[in-house]
Amino acid sequence: MAAAEKNPATDARDKAGPAVRVASLSPARRAWLRFRRNRLGYWSLLAFCTLLLLSLFAEVISNDRPLMVRYEGKTYFPMVKEYSERTFGGDFETATDYLDPFIRERLARPGNWALFAPNPYGPKTLNYFASEPNPSRPTWANLLGTDDRGRDMLAQLIYGFRVSVLFALALTATGVLLGVLAGALQGFFGGRTDLAFQRFIEVWGSMPELYLLIIFSAIFSPSLILLLLLLSLFGWMGLSDYVRAEFLRNRQLDYVRAARALGVGNWQIITRHVLPNSLTPVVTFLPFRMSGAILALTSLDFLGLGVPPGTPSLGELLSQGKNNIDAWWISISTFVVLVLTLLLLTFMGDALRDALDPRKADQDPAHDAKAAA
């Protein structure tokens, strides 16, 4: 049988197939494919999300209360409800200390059992039975040692990481909301509105932020809400400049003029037409904004101006490491957690910036099509 003749049109279509498939993908899908192609950024995202998810279930991972107790035929859930010592054969009505050898002995009797978390310490648990004075070095009982108050370092790091990341997420969200709103109003309306906002930003940006934090910390008791409010008042100005520039550029494009000619209102043009096409710098800014928020909280905690006393804090642990130079495990473990968190966010930000870079939008379409398939 004679070989089939090649069709030039078919060959041209096959060669253009990857480019055609890429063109059919949405911009968000193409950006995600380019992000995945950056292995360092992609695996950093997976690692960061995994650590965040684990920290959200910190009470299951590190807790001085058992997850479940079976005692004399009855089932108890100490993780969600507090029981007095008399419930387990003690003499007092105070809350049960499940690390007490007497309680441990009662729960270990035949027919009784207790399911503890992998790390049987909470962020405020004091290890009264440590073999060395506090801060004690790492042992099998405390894998990362204890701080100068006898609290387990591993529990402190798990809960401190959660506090830092959740605070950074909240500060980033408020900063993005205020920054996008201010930048959109400046860039879309321009003229006197833009001039008034710019003068206000110049005056507001010259305010001594650290001095204000010191003054408010002296007047009010330390609070995460207060700290979030104060930092949010100053954290939106950098992002507003990027959004303003995008709005100044996009408001002159044809689709905005067409919407105005059709009688579409300003608010609808801003939210439905201009804003979605101006979010690239906002999305790129998020990981770096979170890094700055974590560093700000850690620095303020280090200076004693951050979270309320007793709240797990990476900055407080760094301060303890400074005051207890011989306790090397405090400084090293805290430094590793902090640097690892910032590196993951930085790698994510670099990969996100490259994925949204318009100059790389058409780079290697065949590779993007292969990944999409």
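This one's a predicted model, so the numbers in the text were calculated from it and none came from an experiment.
For the side chain to side chain contact (heavy atoms under 4.5 Å, CB included) with N119, the qualifying choice from D64, I61, D152 is D152, the only one to do so.
Annotation for F335: hydrophobic cluster partners, listed by chain and number, are L40, V339, L343, F347 (ILVMFWY side-chain heavy atoms under 4.5 Å, direct or chained). Hydrophobic side-chain contacts under 4.5 Å tie F102 into a cluster, directly or through other members, with V69, Y71, Y76, Y83, F88, Y98, I103, L107, F116. Under a 4.5 Å side-chain heavy-atom cut-off, the cluster of Ile, Leu, Val, Met, Phe, Trp and Tyr residues that includes L195 has no other member. Hydrophobic clustering, defined by side-chain heavy atoms of Ile, Leu, Val, Met, Phe, Trp and Tyr closer than 4.5 Å, leaves I225 isolated from every other such residue.
Between the side chain of W236 and the main chain of L233, a donor-acceptor pair closer than 3.5 Å is present. Using a distance-only test at 3.5 Å, with no hydrogens or angles considered, no donor-acceptor pair links the side chain of S55 to the main chain of A58. Distance alone, capped at 3.5 Å, places no donor-acceptor pair between the R86 side chain and the G89 backbone.
Judged by distance alone, the side chains of N323 and D148 never bring a donor and an acceptor atom under 3.5 Å apart.
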As a quick check of understanding, evaluate side chain to side chain contact (heavy atoms under 4.5 Å, CB included) for M153 and D147, giving each step before the final call. CA-CA 6 Å; M153 280 294 302; D147 62 6; 4.1 Å; yes
Taking it one step at a time, do R106 and E85 satisfy salt bridge (Lys or Arg N to Asp or Glu O under 4.0 Å)? CA-CA 11 Å; R106 302 283 297 186; E85 191 176 293; over 6 Å; no
Start with the C-alpha distance between D301 and L314, add both sets of side-chain angles, then the distance that settles side chain to side chain contact (heavy atoms under 4.5 Å, CB included), and finish with yes or no. CA-CA 8 Å; D301 289 341; L314 299 180; over 6 Å; no
Does I158 form a side chain to side chain contact (heavy atoms under 4.5 Å, CB included) with L54? I'd like the steps, not just the answer. CA-CA 9 Å; I158 293 175; L54 291 176; over 6 Å; no
Go through it in stages, so that I can follow the logic: the residues are Y242 and V282, the test is side chain to side chain contact (heavy atoms under 4.5 Å, CB included), and I'd like the CA-CA distance, side-chain angles, deciding distance and then a yes or no. CA-CA 8 Å; Y242 291 100; V282 176; over 6 Å; no
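By the rule that hydrophobic residues join a cluster once side-chain heavy atoms approach within less than 4.5 Å of another member, F161 and F302 end up as members of one cluster. Note on M290 and V283: same hydrophobic cluster, where clusters join Ile, Leu, Val, Met, Phe, Trp and Tyr whose side-chain heavy atoms are under 4.5 Å apart, directly or indirectly. In the hydrophobic cluster analysis, where Ile, Leu, Val, Met, Phe, Trp and Tyr join through side-chain heavy atoms closer than 4.5 angstrom, F288 is grouped apart from L52. Cluster membership check: L297 shares its hydrophobic cluster with L317, using side-chain heavy-atom separations under 4.5 Å among Ile, Leu, Val, Met, Phe, Trp and Tyr. Residues M237 and M207 are members of one and the same hydrophobic cluster, defined by side-chain heavy-atom contacts under 4.5 angstrom among Ile, Leu, Val, Met, Phe, Trp and Tyr.
A cation-pi contact links R36 to Y42, judged by a cut-off of 6.0 Å to the six-membered ring centre and 45° from its axis.
Residues meeting the side chain to side chain contact (heavy atoms under 4.5 Å, CB included) test with E82, sequence neighbours left out: R65, A95.
Taking CE of M79 as the reference point, atom CE of M68 lies at 9.5 Å (rounded to 0.5 Å).
Between W267 and R272, the closest side-chain pair of non-hydrogen atoms is not below 4.5 Å.
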Atom pairs and distances, donor-acceptor, side-chain atoms in residues 169-181, under 3.5 Å, two or more places apart:
residue	atom	partner	partner atom	Å
T172	OG1	A168	O	2.7
T174	OG1	A170	O	3.1
T174	OG1	L171	O	2.9
T174	OG1	S232	OG	2.9

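Salt-bridge check for D241 with R244: failed, with every basic side-chain N at 4.0 Å or more from each acidic carboxylate O.
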